[in-house]
Amino acid sequence: MQREKVKQVLASESGREVLVKGWVRTRRGNKNISFIALNDGSTIDNIQVVADNGSFDAEMMKGVTTGSAIGVRGSLVESQGKGQSVEIIAGEIILYGTADPEKYPLQKKGHSMEFLRDIAHLRFRTNTFGAVMRIRHAMAYAVHHYFNTKGYYHLHTPIITGSDAEGAGEMFSVTTLDLANMPKGKDGKVDFSSDFFGKHTKLTVSGQLEGELGALALGEIYTFGPTFRAENSNTPRHLAEFWMIEPEMAFYDINDNMDLAEDFTRYLIRYALDNCSADLAFLNEMVDKDLLERLRFVADNDFIRTTYTAAVEILEKSDRKWEFPVGWGRDLQAEHERYLVEEHFKRPVILTDYPRDIKAFYMKQNDDGKTVRGMDVLFPRIGEIIGGSQREEVMEKLEERMEEMGIPAEEMWWYLDTRRFGTAPHSGFGLGFERLILFVTGMSNIRDVIPFPRTPRNAEF
RNA sequence: UCCUCAGUAGCUCAGUUGGUUAGAGCGGCGGACUGUUAAUCCGUAGGUCGAAGGUUCGAGUCCUUCCUGAGGAGCCA
């Protein structure tokens, strides 16, 4: 007999034999009858299995407890009780694996997110993490679908890089040298010439620079891969290992870039609303009562687009007391961004044209000599979800900026070659995948939207 | 990394100005109930009070250091 997924069984007509396999969420009942809520991960909903205890081996039935894995063959019938439309009257129960109730850490009752983080290997078996992981999958699929439909190519940029100049944060070193006995050069520094790659290599902090190389030949590309930042960040919005989506497009200026960023994020949110309704309904009920309303609002309304300079004026005119000073040339603090998004505009905001001195070397300089064509997309609750820019395509200006900021041009010869040979206007951005999932699920800590979070002092599992 | 708060049973927490034998709910276990929905009811076991020092006749409670976690800030996606 063919096994069916709970999702299909729940959606199907009663009056037939079915076979399901999954994990027991709860078991209720008395001496004579058992009600088993069975979940197989295909949907947040459980199927109720009704078992006449007398018809089954008593020793086997003792093993059917919360967390155990079972298979059930039986007839699908209209439920006599309330709370579900159909249920399975068990004809045969196969006990695959028991879960000692005295030791199994998951209970019928809710657990704190902190506790579940300590048992991240088992937390997939909770309603919340099942929902989050199904949504995470749907969002990853939607990313690829979106770009494929638009003619973008998925480019696999390297995880291991020899470049020192990505400039997006502290990096993890990658080496096969003996850590207890590192070879030293005459200057006392580590000599990497005998290392695996013959040079000092690190884990990537961004695929952007390589992405630009692809875009300036293939037209439109995107990356979607892991990214590593060795920053000692302890916040609900940062991970040391996270996934980032970085589209890069030839012949796109900053306005085209903004159009894409907005269309892309609103598409993803609409996709979740259209395809993850059961999981979102659960999260809306149990995690964040405003979730669905917020998602619909963002999907249905245009983002505000304004400049850094205009934003500073808004902040200066407000009668709010700022913990950090506001002024042209200063970077916006979290409190400033939150005010703009959550109180002043009350919707997502795209800020552009930042002072050049607070942004990266590769951003295109404006004619005013003061600002660059960078853009940040700011979302309610989570702040910066996207950072991007039009890239500087003029060789002389790029070299000048690198010189000013101490970026070694000789190590970046391959990057500069794209400006040397057939340079063209181009743009791109980075979307933090986990921050997107945070927004879409209504979860409050980024460690709870990735299966196995890597944060300072934590690489368990 | 900085600031604030927290760490007591498997989980979530209470524990008074320092005072006898450290409590509750849930979960587990045993029992009752022929249709339950986080079932209900009765009973029961379960503790190195984060760690190490210190103050005191006496420390879960006060002090010091450290560890761990959370929230805020910075870095950013």
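Since we're looking at a predicted model, the values are computed, not measured. Chain naming here is simple, since letters A, B, ... match the order of the sequence lines and numbering starts at 1 in each.
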Sugar-phosphate, base or nothing in reach of A/R338, heavy atoms under 4.0 Å: sugar-phosphate

CG on A/D100 to OG1 on A/T66, rounded to 0.5 Å: 12.0 Å

Residue whose closest nucleotide on RNA chain B lies nearer the 5' end, A/G83 versus A/N234: A/N234

Heavy-atom donor-acceptor pair, A/E231 side-chain to B/rU1 base, under 3.5 Å: no

A/E384 bridged to A/R435 by N-O distance under 4.0 Å: no

Aromatic contact, A/F124 with A/F129 (centres under 6.0 Å): no

Closest nucleotide among B/rA32, B/rG28, B/rU37 to the A/P101 side chain: B/rG28

Distance, P atom - from B/rU48 to B/rG54, rounded to whole angstrom: 22 Å

Sugar-phosphate, base or nothing in reach of A/G81, heavy atoms under 4.0 Å: base

Nucleotide of B/rU1, B/rG74, B/rG35 approaching A/Q333 most closely (side-chain heavy atoms): B/rG74

Out of B/rG35, B/rC33, B/rG72, whichever nucleotide has its closest atom nearest the side chain of A/K31: B/rC33

Sugar-phosphate, base or nothing in reach of A/L239, heavy atoms under 4.0 Å: base

Sugar-phosphate, base or nothing in reach of A/E434, heavy atoms under 4.0 Å: nothing

Distance flag, aromatic centroids of A/Y271 and A/H145, threshold under 6.0 Å: no

Sugar-phosphate, base or nothing in reach of A/A334, heavy atoms under 4.0 Å: sugar-phosphate

N/O donor-acceptor pair, side chain A/E335 with base B/rG72, under 3.5 angstrom: no

Whichever of A/V50 and A/L332 has its nearest RNA chain B nucleotide further upstream toward 5': A/V50

Sugar-phosphate, base or nothing in reach of A/G29, heavy atoms under 4.0 Å: base

Secondary-structure notation, RNA chain B, from Watson-Crick and G-U pairs under 3.5 angstrom (| other strand): (((((((..((((.....[...)))).(((((.......))))).....(((((..]....))))))))))))....

Proximity to the side chain of A/T235 - top-ranked nucleotide from B/rA73, B/rA77, B/rG35: B/rA73

Polar pair under 3.5 Å, donor/acceptor by atom type, side chain A/S233, base B/rC75: yes

Between B/rU37 and B/rG30 - C1' atom distance, rounded Å: 24 Å

Ring-ring centroid check A/F147 A/Y153, cutoff 6.0 Å: no

Sugar-phosphate only, base, or nothing, as touched by A/R447 at under 4.0 Å among non-hydrogen atoms: sugar-phosphate

Candidates B/rU36, B/rC33, B/rA73 - which lies nearest the side chain of A/S79: B/rU36

From B/rA39, B/rC75, B/rA32, nucleotide with atom closest to A/R28 side chain: B/rA39

Sugar-phosphate only, base, or nothing, as touched by A/K103 at under 4.0 Å among non-hydrogen atoms: nothing

Flag if over 12 foreign heavy atoms under 6.0 Å of CE, A/M286: no

Distance between C1' atoms of B/rG10 and B/rC2 (Å, rounded): 35 Å

Polar contact flag, side-chain donor to acceptor under 3.5 angstrom, A/R16-A/S14: no

Aromatic contact, A/F242 with A/F433 (centres under 6.0 Å): no

Which protein N or O atoms sit under 3.5 Å from an N or O of nucleotides 10-12 of chain B?
unit_1: B/rG10; atom_1: N2; unit_2: A/Q107; atom_2: OE1; d: 2.6
unit_1: B/rG10; atom_1: N2; unit_2: A/Q107; atom_2: NE2; d: 3.4
unit_1: B/rG10; atom_1: N3; unit_2: A/Q107; atom_2: OE1; d: 3.2
unit_1: B/rU12; atom_1: OP1; unit_2: A/S112; atom_2: OG; d: 2.8

Pairwise side-chain contact, A/L10 with A/I47, heavy-atom cut-off 4.5 Å (strictly under): yes

Note, A/M402 side chain near A/M412 side chain (heavy atom, < 4.5 Å): yes

Sugar-phosphate only, base, or nothing, as touched by A/L431 at under 4.0 Å among non-hydrogen atoms: nothing

Among B/rA39, B/rA77, B/rG35, the nucleotide that comes nearest once only the side chain of A/F35 is considered: B/rG35

A/F303 vs A/I350 side-chain heavy atoms within contact, under 4.5 Å: yes

Check: A/R435 side chain, B/rC76 base, donor-acceptor under 3.5 Å: yes

Distance between P atoms of B/rC63 and B/rU55 (Å, rounded): 15 Å

Gap in Å between the two C1' atoms, one belonging to B/rC62 and one to B/rC42, rounded: 43 Å

Distance-only donor-acceptor test (3.5 Å): side chain A/R229, base B/rA77: yes

A/L283 vs A/D288 side-chain heavy atoms within contact, under 4.5 Å: no

ring centroid sep under 5.5 Å plus plane angle under 30, A/F242 with B/rA77: yes

Sugar-phosphate only, base, or nothing, as touched by A/E87 at under 4.0 Å among non-hydrogen atoms: base

Spacing of the C1' atoms in B/rA24 and B/rU36 (rounded, Å): 27 Å

